[in-house]
Engineer: 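Please see the structure below; I have some questions.
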Amino acid sequence: MSSAPISASRRLAAVLAAGAIALTACATGSQASTTPSAASRVTLTVGSRPGVPAIGSGAIWVPNTGDGTLSRIDPGSNRVVATIRIGDPQAFYQRSCAAYGSVHSFMVTTFDIRLCDLPSAVAAAPNAVWVLRNDARSLERIDPASNRIVATVPLGAAPWDLAASSTAVWVTSFLEDQVIRIDPQTNRVVRRFQGFSHGPSGIAISGNDVWVVSTFGAAVTRIDAARDAIAAVIPISCPGTCLAGPRPLAIALTPDAVWVRDEGDGTLSRIDPASNALVDTVPDDAFYGRDGVDAMGVTGQSLWVGGVALQQRDVRTGRLIRRLDQTATAVAAAGRILWLTDVTGRVVRMDASG
C-alpha cells in the first residue's frame, strides 16, 4: 500500500503526456484550446478519488470512491457542508480487491479497479439520494433532510452504476449482466432484467425510457419502464477498424438524441430515439482516466465531454465547438453550470458560458 502514491503520480504523468500528444494531433486544423476565466471556476477539495457528481435534492453529491464517503456540496456557497460515511474501503480492498493492485491508484485503465470503488456511484431524486455500496452489494437510501442512511436495499449482485427518478431506481451490474429495478416506495427490488450482453455499465433515464450501455457487448438497450420490458437493442459499431473493438460506456440524453462515448476507438455515437437506430459517429479525443468515470453533460445546445481538455460540442451534430484548458474525468450539468471531477481528484464548478 505504501507504493500507491508513486504509482498514481506515474500514471498521471503518463496520462497527461499522452493526452497532450493526442490533443496536439487532434487540434491540427481545428479549434485551439481556450482557458476559462478564473471568475467562472471554483475548485473544491472533497474526499479521495471523487467519482461522478450527481445534482439534485438541493445539493451536489460526490461519491468519494477511495475513502467510502459521500460529500454534499451546497451550490449556493460552493462549500462541502456534509460528509456521509458509506463503507470501509480498506476492509473491502483487503477482502476483495488486493489481486487487482492498489485500489488507491487514481488513473487506471482496468475495469477491475472500478469494481472496487466504494461507493461506486450516486444518484439524486426528489426527496432521496441513492448510493451504491459495493462491499455489501447493496443500495443505500439517504434522506437529504438529515444526511442519514434511512434504508438499505440488498441487490444480490455487484453494482456498477445507477439512475433514479421519483418512481424507480435502476442499477446496472457489470459482472452479473443484470439491470435491477427498485421501487422507492417500498425500497425493494421489483424487477431483474437478465442476460444483458457483456457488461451493462452506463445508464440514463428520460421519461419512461431507460437507456443502458453494454460495454463489452457493444450495444445500447432501451427499456420501456411503463411496460417494464425491453423495447430495442441498438448495436454500436466502429466506423473503421478499432483494435480493441467498440467499448461504449458514457451516455448522455437530449430530447432528440442519445449520445454514447466509445472508449475503444475514440468516437461519439448518436442514436435517434425515434427510430432506435445509430445514425452518426463522429471522431472524439481518447479518454484518459478510470473506466466508468466518464460521464458527459448537456447544457442548452452543448454536449460536454471530458478528457485532458474539456470539449464543448454541438448537441445536435457532435461537432467540436471548442476545447477548454480544464481536465475532466466526469461532467454533470444543471442549467448553465457544470460540475466536474478533474484528473487531480478535485471537484470544479464552472459556468459553461464563461
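When reading the values below, keep in mind they use all heavy atoms of this one structure, side chains included, and skip hydrogens, waters and symmetry mates.
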Engineer: Take Arg222 and Ile271 through the test side-chain contact (heavy atoms from CB on, under 4.5 Å) and record every step on the way to the result.
Structural biologist: CA-CA 11 Å; Arg222 182 177 190 169; Ile271 295 170; over 6 Å; no
Engineer: Applying side chain to side chain donor-acceptor pair (under 3.5 Å), name anything that partners Thr254, two or more places apart in sequence or on another chain.
Structural biologist: none
Engineer: Look at atom CG of Asn127 and say whether more than 12 heavy atoms of other residues, nucleotides or ligands are closer to it than 6.0 Å.
Structural biologist: no
Engineer: With sequence neighbours excluded, tell me which residues meet side chain to side chain contact (heavy atoms under 4.5 Å, CB included) with Ala151.
Structural biologist: Arg141, Asn187
Engineer: Taking it one step at a time, do Arg181 and Val190 satisfy side-chain contact (heavy atoms from CB on, under 4.5 Å)?
Structural biologist: CA-CA 6 Å; Arg181 179 173 182 168; Val190 293; 3.9 Å; yes
Engineer: Going hydrophobic residue to hydrophobic residue with side-chain gaps under 4.5 angstrom, can you get from Val213 over to Leu253?
Structural biologist: yes
Engineer: Can you name the nearest heavy-atom pair linking Ser237 to Pro246, along with the distance?
Structural biologist: CA-CG, 4.1 Å
Engineer: Test question: given the 4.5 Å side-chain rule for I, L, V, M, F, W and Y, name all other residues clustered with Val150, or answer none.
Structural biologist: none
Engineer: Treating Trp170 as the side-chain partner and Val179 as the backbone partner, does any N or O pair qualify as donor plus acceptor under 3.5 Å?
Structural biologist: no
Engineer: Same cluster for Val347 and Ile337 if Ile/Leu/Val/Met/Phe/Trp/Tyr side chains link at under 4.5 Å?
Structural biologist: yes
Engineer: Would you call Phe174 and Thr215 a side-chain contact if the rule is heavy atoms closer than 4.5 Å?
Structural biologist: yes
Engineer: Just list the side-chain donor-acceptor pairs under 3.5 Å for residues 297-307, sequence neighbours left out, or say none.
Structural biologist:
residue, atom, partner, partner atom, Å
Thr299, OG1, Trp304, NE1, 2.7
Ser302, OG, Gln312, NE2, 2.8

Engineer: Can you see which heavy atom on Val169 is nearest to which on Pro184, and at what distance?
Structural biologist: N-CD, 4.5 Å
Engineer: Calculate, to the nearest 0.5 Å, the distance between atoms CE and CG belonging to Met350 and Leu324 respectively.
Structural biologist: 5.0 Å
Engineer: Please give me the minimum heavy-atom distance between Pro248 and Val260, naming the atom from each residue.
Structural biologist: CB-CG1, 3.5 Å
Engineer: Considering only heavy atoms from C-beta outward, does the side chain of Asp177 approach that of Phe216 to under 4.5 Å?
Structural biologist: no
Engineer: Going by an N to O cut-off under 4.0 Å, is there a salt bridge joining Asp117 and Arg49?
Structural biologist: yes
Engineer: Taking side chain to side chain donor-acceptor pair (under 3.5 Å) as the definition, give me every residue that meets it alongside Asn147, ordered by chain and number, with sequence neighbours left out.
Structural biologist: Arg72
Engineer: Determine the minimum heavy-atom distance between Trp211 and Pro273, stating which atoms define it.
Structural biologist: CZ2-CB, 4.0 Å
Engineer: Once salt bridge (charged side-chain N to carboxylate O under 4.0 Å, His left out) is applied, what residue pairs with a partner in residues 119-134 remain, sequence neighbours excluded?
Structural biologist: Arg133-Asp135
Engineer: Please report the interatomic distance CG(Asp284) to CZ(Arg313), rounded to the nearest 0.5 Å.
Structural biologist: 5.0 Å
Engineer: Which pair of heavy atoms, one from Trp259 and one from Arg316, lies closest together, and at what distance?
Structural biologist: CZ2-O, 3.9 Å
Engineer: Quick one: CD on Gln326 to CG on Asp342, what's the gap to the nearest 0.5 Å?
Structural biologist: 6.0 Å
Engineer: Counting N and O atoms only, with roles assigned by atom type, does the side chain of Asn64 sit under 3.5 Å from a partner on the main chain of Pro50, one being a donor and the other an acceptor?
Structural biologist: no
Engineer: State the CG-CG distance between Leu249 and Asp294, to the nearest 0.5 angstrom.
Structural biologist: 6.5 Å
Engineer: Can you check side-chain contact (heavy atoms from CB on, under 4.5 Å) on Val343 and Val308, steps first, answer last?
Structural biologist: CA-CA 8 Å; Val343 298; Val308 177; 5.9 Å; no
Engineer: Do Val42 and Val62 sit in one hydrophobic cluster, given that two such residues count as connected whenever their side-chain heavy atoms are within less than 4.5 Å of each other, even indirectly?
Structural biologist: yes
Engineer: Hey, could you give me the CG/OG1 distance between Leu132 and Thr65, rounded to the nearest 0.5 Å?
Structural biologist: 12.5 Å
Engineer: Which atom pairs, one a donor and one an acceptor, fall under 3.5 Å between side chains of residues 79-86 and the rest of the protein, sequence neighbours left out?
Structural biologist:
residue, atom, partner, partner atom, Å
Arg85, NH1, Asp67, O, 2.6
Arg85, NH1, Gly87, O, 3.0

Engineer: Kindly write out the residues that satisfy side chain to side chain donor-acceptor pair (under 3.5 Å) with Gln185, not counting sequence neighbours, or none if the list is empty.
Structural biologist: none
Engineer: Are side-chain heavy atoms of Asp209 and Val258 found at a separation under 4.5 Å?
Structural biologist: no
Engineer: Calculate, to the nearest 0.5 Å, the distance between atoms CG and OG1 belonging to Leu118 and Thr69 respectively.
Structural biologist: 9.0 Å
Engineer: Begin from the C-alpha positions of Val282 and Arg319 and carry the test side-chain contact (heavy atoms from CB on, under 4.5 Å) through to its verdict.
Structural biologist: CA-CA 8 Å; Val282 298; Arg319 178 184 61 85; over 6 Å; no
Engineer: In this structure, would Ile223 and Val233 fall into the same cluster of hydrophobic residues linked by side-chain contacts under 4.5 Å?
Structural biologist: yes
Engineer: Please check if Val46 and Ile55 belong to a single hydrophobic cluster, counting links between Ile, Leu, Val, Met, Phe, Trp and Tyr side chain heavy atoms closer than 4.5 Å.
Structural biologist: yes
Engineer: Using the test salt bridge (charged side-chain N to carboxylate O under 4.0 Å, His left out), find all partners of Arg192 that sit at least two apart in sequence or belong to another chain.
Structural biologist: none
Engineer: Do Leu155 and Ile182 have side-chain heavy atoms sitting under 4.5 Å apart?
Structural biologist: yes
Engineer: When you look at Thr341 and Thr329, which way does the side-chain hydrogen bond (donor to acceptor under 3.5 Å, both in side chains) test go after all the steps?
Structural biologist: CA-CA 6 Å; Thr341 51; Thr329 60; 2.9 Å; yes
Engineer: Using the salt bridge (charged side-chain N to carboxylate O under 4.0 Å, His left out) rule, collect all pairs that involve residues 164-176, keeping only residues at least two apart or in two chains.
Structural biologist: Arg137-Glu176
Engineer: Looking at residues at least two apart in the chain, or sitting in another chain, which of them share a side chain to side chain contact (heavy atoms under 4.5 Å, CB included) with Ala226?
Structural biologist: Asn208, Asp224
Engineer: Locate the shortest heavy-atom distance separating Asp161 from Ala121; write the atom from each residue and the value.
Structural biologist: OD1-CB, 3.6 Å
Engineer: Val279: which other cluster members, linking ILVMFWY side chains closer than 4.5 Å, directly or transitively?
Structural biologist: none
Engineer: Evaluate side-chain hydrogen bond (donor to acceptor under 3.5 Å, both in side chains) for Ser269 paired with Asp262, printing each intermediate quantity in order.
Structural biologist: CA-CA 7 Å; Ser269 296; Asp262 188 338; 5.5 Å; no
